[in-house]
Amino acid sequence: MSNVAVSLKPRDDTHALNADNLRAAWAQSFRAVRAETERRAAPLSPEDQVVQSMPDASPTKWHRAHTTWFFEQFLLVSNVDGYRVFDERFSYLFNSYYVAAGPRHARPRRGLVTRPDADEVSAFRAHVDAAVARLIEGADTALLEKIIPIIEIGLNHEQQHQELMLTDILHAFAQNPVSPAYDAKWQPPRVNEGKGDFADLPSGIHAIGHDGDGFCFDNEQPVHRVLIEGARVARYLVTNAEWLAFMEEGGYATPSLWLSDGWTAVETEGWTAPGYWQKRDGAWFTLTLAGLKPVDPAAPVCHVSYYEADAFARWAGKHLPSEAEWEVAARLGLLSDAFGVVWQWTRSAYSPYPGYRAAEGALGEYNGKFMVNQMVLRGSSLATPNGHSRPSYRNFFYPPARWQFSGLRLADCA
Ligand SMILES: [Fe+2]
């Protein structure tokens, strides 16, 4: 559990709060995050909630149950005397990848779990919500100190799944010929438009990583020094108009623009455009959370893989920023729309920071064991919950992945 102690520093103001205020604040945070999950699930029918469109995407019902299992497994079982597990079978069904927490159902087969149904999952959520509320309510100062870090990582974990609920259902809807809308009233985020404007980064030694108040995941630490030399980072995100120019110049048909694995993906997957794009009567449309919409040339490109982002950058005569360049630029306020629109691929492989050590035990499996073969994305997306974005946040996906809200900004040499 030491990674919780390391990564979840108490906020400065918590020292000034008495136990009553702490209990009230954490009970309120818990209720708010849990309610947001249900708000995101509300537009989805029980049929929507069970579908799994590919091994990487999980059913909505599974997300709702798995985030609940997380609190039951890591908070309630070990901190509530005589806690009654809601259903002994759920640990097998809803454990994701925590080997130390026991055996688990195969990820690609989550969509076959029609029972428990959505109502039973709601009952599971209510059972755990009530138990957590009672635990917080009755906790003395010593117990609060022990459980608050677990509640905090559980809530941040649930927020990560809130984003996945939207990316995963959009992928499911993209398999449906009638292009359903998750929410017909959904609007894309407003963005700042600009082109070809690069910000110079001050050359020299900078610090990156999470330092200070508030929550962070263990992979954002420790703070360490990096050398930035002769780097410029685009102030603006790459737009659909720019991507269309890449396509019109044969970007998807020019092997010399692509990494070897990327070109293999182009050929194998038949990529000719970003994910969810389709041509109708000569015009490009894309599936959004509001259903099928014309591609907006001014909007940032979305649903591109690392391979595509890298090929685009090569076509443009540029490259992707490293994650250190991105973070330094973000901390200096040089990036437009750094957060809340699209995750931005960097050219950095996802690996441990100098001095990083994963914790012992099941929660030590949270991030550390994934530090191979994936690339880092920075910023946050339109699906990221409020309060979950920060300059040090490290998201990571495999290079061919494009069902996330993923885009890019370019970098150049000074
Ligand atoms: Fe999870």
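- Annotation for Gly407 and Val304: closest pair CA-CG2, 4.0 Å, computed over non-hydrogen atoms.
- At a threshold of 4.5 Å between non-hydrogen side-chain atoms, the residues Trp326 and Arg409 count as touching.
- Considering every non-hydrogen atom in both Arg402 and Ser305, the closest pair reads CB-N, 3.6 Å.
- The two atoms that bring Ile147 and Ala139 nearest to each other are CD1-CB, 4.1 Å, heavy atoms only.
- Within a 6.0 Å sphere centred on CD of Glu229, heavy atoms belonging to other residues, nucleotides or ligands number 12 at most.
- Residues Ser348 and Glu323 share a closest heavy-atom pair of OG-N, 2.8 Å.
- Between the Gln52 side chain and the Arg110 main chain, a donor and an acceptor come within less than 3.5 Å of each other.
- Defined by atom type and a distance below 3.5 Å, a donor-acceptor pair is missing between the side-chain atoms of Tyr236 and Asn192.
- The 12-atom threshold is not exceeded at CG of Asn386, counting heavy atoms of other residues, nucleotides or ligands nearer than 6.0 Å.
- Side-chain contact annotation: Thr288 with Trp186, donor-acceptor N/O pair under 3.5 Å absent.
- Between the side chains of Tyr350 and Asn219, at least one donor N or O lies within less than 3.5 Å of an accepting N or O.
- A donor-acceptor contact closer than 3.5 angstrom is absent between the side chains of His171 and His303.
- Here His161 and Phe70 keep their ring centres 6.0 angstrom or further from each other.
- Nearest heavy-atom pair across Val99 and Lys369 is CG2-NZ, 4.0 Å.
- Between Phe370 and Tyr97, the angle of the ring planes goes over 60°, which puts this pair in the perpendicular group of the 30/60° scheme.
- Aromatic ring centres of Phe217 and Phe215: separated by under 6.0 Å.
- In this pair, Trp258 and Tyr252 present their aromatic rings tilted. The plane angle is within the 30 to 60° band.
- For an aromatic pair to be called close, the ring centres must be under 6.0 Å apart, and Tyr353 with His224 satisfies this.
- Arg378 pairs in a salt bridge (charged side-chain N to carboxylate O under 4.0 Å, His left out) with only one of the listed residues (Glu325, Glu220, Glu327), which is Glu327.
- Contact between Ser406 and Val342 at its shortest, heavy atoms only, is C-CB, 4.2 Å.
- Classification of the Phe30-Phe71 ring pair by plane angle, with boundaries at 30° and 60°, yields perpendicular.
- Taking CG of Asp129 as the start and OG1 of Thr68 as the end, the distance is 7.0 Å to the nearest 0.5 Å.
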